[in-house]
Amino acid sequence: MTEEPTLLSSADALIQVAQRGAVRVLTLNRPAALNSFTQAMHAELRAALDAAAADEGVRAVLVTGAGRGFCAGQDLNDPGMAAGADGKPDIAAVIEQNYRPLALRIQAMPVPVVCAVNGVAAGAGANFAFCCDIVLAARSASFIQAFAKIGLIPDCGGTWLLPRLVGRPRALALALTGDKLPAVDAERLGMVWQVVEDADLQDTAFALASKLAAMPSAALVATRQALDASQSLTLSDALTLEARMQGELGRAHDFAEGVAAFQQKRAPVFKDR
Ligand code: T3D
């Protein structure tokens, strides 16, 4: 590890926020309930992501969990879960207020988002991880599309993400069975970038986030946008989008800096965001 973290939140915040170099580290912090999401925790996470997005000193975000779990999805005991006029759970409202903004916030972050899945990731906890740009998983971690077991469908973007990650047959099998998928199988299926030994997870994830933080953020984010957009574009339209984005990047500081650094045989200093 190269940088000492500075804690920006209280140590017992539901989302612990720390700055390590140019990396903003967000730690889900309800370990006794496997970091399952409450209304309050969602609010802290939204605020933490917004703050990271607004801070020019942040060039990468690293998300992880405290304790033995990453995130067990929605806290099924949370009294903050909305009830409709008929007294029954209004899950549509929970999704609109919490999970939709979360998935869209991650997809629109102006810097890369690395996720270090330190333990079980269930329900919306798994799909939250899959929303991130690069996912590392501890060897002991696992992924569970737990929704079917309680009479729901995958949310937090799961219906969009899963078929794109693994194709329809595997997406359906994972979602219909709700079976636990060990991290090594998630890696084999291409759902996560890399499985790391438990003891090495945080150092490896921080090193990856630091590496991304030193790279041209605007280009990395444009890459994410172009790849996501391409899913619903023809090749011709994707080429048009590439030309437009490349044209914008080509006029920006970081391209000039990258080329100059190459020609001068020195390390580049990127600053666009
Ligand atoms: O409003 C809405 O519901 C809409 C949103 C839906 C999105 C969703 O995410 S739906 C899916 C919700 N999540 C689940 O169904 C997963 C439930 N949890 C589990 O199946 C298991 O806990 C795990 C497989 C994830 C881990 O099992 P294990 O054996 O390692 O741990 P555990 O003993 O079950 O859990 C440890 C503690 O965490 C335990 O508390 P206790 O008994 O020690 O006081 C357990 O109750 C608590 N916990 C785990 N998951 C949740 C939870 N508490 C509240 N909500 C949870 N989701």
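- Partners of T38 according to the side-chain hydrogen bond (donor to acceptor under 3.5 Å, both in side chains) rule, which considers only residues two or more places apart in sequence or in another chain, do not exist here.
- R20 contributes atom CZ, which lies 10.0 Å from atom OG1 of T6 (distance to the nearest 0.5 angstrom).
- Under a 4.5 Å side-chain heavy-atom cut-off, the cluster of Ile, Leu, Val, Met, Phe, Trp and Tyr residues that includes L249 has no other member.
- Once rounded to the nearest 0.5 Å, the distance linking OG of S36 with CG of N77 reads 7.5 Å.
- In terms of the salt bridge (charged side-chain N to carboxylate O under 4.0 Å, His left out) criterion, residue partners of E257 (sequence neighbours excluded) are, by chain and number, R266.
- Among all heavy-atom pairs drawn from V111 and V221, the shortest one is N-CG2, 3.6 Å.
- When hydrophobic clusters are built by joining Ile, Leu, Val, Met, Phe, Trp and Tyr residues whose side-chain heavy atoms come closer than 4.5 Å, directly or via intermediates, F270 is not grouped with V58.
- Remark: M41 CE to L28 CG distance equals 4.5 Å, nearest 0.5 Å.
- Listed by first then second residue, pairs satisfying side chain to side chain donor-acceptor pair (under 3.5 Å) with a partner in residues 40-60 read R24-D55, H42-Y99, R46-N98, D50-R105, R59-S217, not counting sequence neighbours.
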TODO: Could you check L102 against L49 for side chain to side chain contact (heavy atoms under 4.5 Å, CB included), going step by step and ending with a plain yes or no?
DONE: CA-CA 9 Å; L102 175 60; L49 288 167; 3.8 Å; yes

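- What you find for P268 and G258 is that their closest heavy atoms are CB-CA, 4.5 Å.
- F70 and F128 have parallel rings, their planes meeting at less than 30° on a 0 to 90° scale where 60° marks the start of perpendicular.
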Please tabulate, for side-chain N and O atoms in residues 130-147, each donor-acceptor pair with protein atoms closer than 3.5 Å (sequence neighbours left out).
| from | atom 1 | to | atom 2 | distance (Å) |
| --- | --- | --- | --- | --- |
| D133 | OD1 | R224 | NE | 2.8 |
| D133 | OD2 | V113 | N | 2.8 |
| D133 | OD2 | R224 | NE | 3.4 |
| D133 | OD2 | R224 | NH2 | 2.8 |
| R139 | NE | E197 | OE1 | 3.3 |
| R139 | NE | E197 | OE2 | 2.8 |
| R139 | NH2 | E197 | OE2 | 3.1 |
| S140 | OG | D198 | OD1 | 3.4 |
| S140 | OG | D198 | OD2 | 2.6 |
| Q145 | OE1 | N127 | ND2 | 3.3 |
| Q145 | NE2 | N127 | OD1 | 2.9 |

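- Applying the side-chain hydrogen bond (donor to acceptor under 3.5 Å, both in side chains) test to T234 and every residue at least two apart in sequence or in another chain returns D237.
- Residues A66 and T27 come closest through the heavy atom pair N-CG2, 3.6 Å.
- Partners of D75 by salt bridge (charged side-chain N to carboxylate O under 4.0 Å, His left out), not counting sequence neighbours, listed by chain and number: R30.
- Side-chain contact annotation: S210 with E3, donor-acceptor N/O pair under 3.5 Å absent.
- Side chain of N118 to backbone of L201: no donor-acceptor contact under 3.5 angstrom is found.
- A pairwise comparison of heavy atoms in V192 and A183 identifies CG2-O, 4.4 Å as the closest pair.
- There is no path of hydrophobic side-chain contacts, each under 4.5 Å, that joins L104 to M109.
- A heavy-atom distance below 4.5 Å is found between the side chains of L189 and L181.
- Judged by distance alone, the side chain of K271 and the main-chain N or O of H253 form no donor-acceptor pair under 3.5 Å.
- Connectivity analysis of hydrophobic side chains (ILVMFWY, heavy atoms under 4.5 Å, direct or indirect) links L227 to nothing; its cluster partners are none.
- Across A226 and M245, no two heavy atoms sit closer than the pair CB-SD, 3.7 Å.
- Between the CG atom of D90 and the CD atom of E96 there is a distance of 10.0 Å, given to the nearest 0.5 Å.
- In terms of hydrophobic clustering, with Ile, Leu, Val, Met, Phe, Trp and Tyr side chains grouped at heavy-atom distances under 4.5 Å, L152 and L34 are assigned to different clusters.
- What you find for A267 and A261 is that their closest heavy atoms are C-CB, 4.0 Å.
- A donor-acceptor pair is defined here as one N or O able to donate and one able to accept, closer than 3.5 Å; such a pair exists between the side chain of N35 and the backbone of G69.
- Taken from CG in L8 to CG in L26, the straight-line distance is 9.5 Å, to the nearest 0.5 Å.
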Task: I15 vs S9, side chain to side chain contact (heavy atoms under 4.5 Å, CB included): CA-CA, chis, key distance, verdict - done: CA-CA 8 Å; I15 303 297; S9 66; over 6 Å; no

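- Partners of Q194 under the side-chain hydrogen bond (donor to acceptor under 3.5 Å, both in side chains) rule, at least two apart in sequence or in another chain, do not exist in this structure.
- Considering CZ of R188 and CE of M191, their distance stands at 11.0 Å, rounded to 0.5 Å.
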Side chains of residues 162-175: which donor-acceptor partners sit under 3.5 Å, not counting sequence neighbours?
| from | atom 1 | to | atom 2 | distance (Å) |
| --- | --- | --- | --- | --- |
| R164 | NH1 | W160 | O | 3.1 |

Open item on the list: side chain to side chain contact (heavy atoms under 4.5 Å, CB included) for L14 and N29? Distances and angles first, verdict last.
Closed with: CA-CA 5 Å; L14 299 174; N29 191 30; 5.6 Å; no

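- Partners of D86 by side-chain hydrogen bond (donor to acceptor under 3.5 Å, both in side chains), not counting sequence neighbours: none found.
- Chaining together hydrophobic side chains whose heavy atoms lie under 4.5 Å apart leaves V269 on its own.
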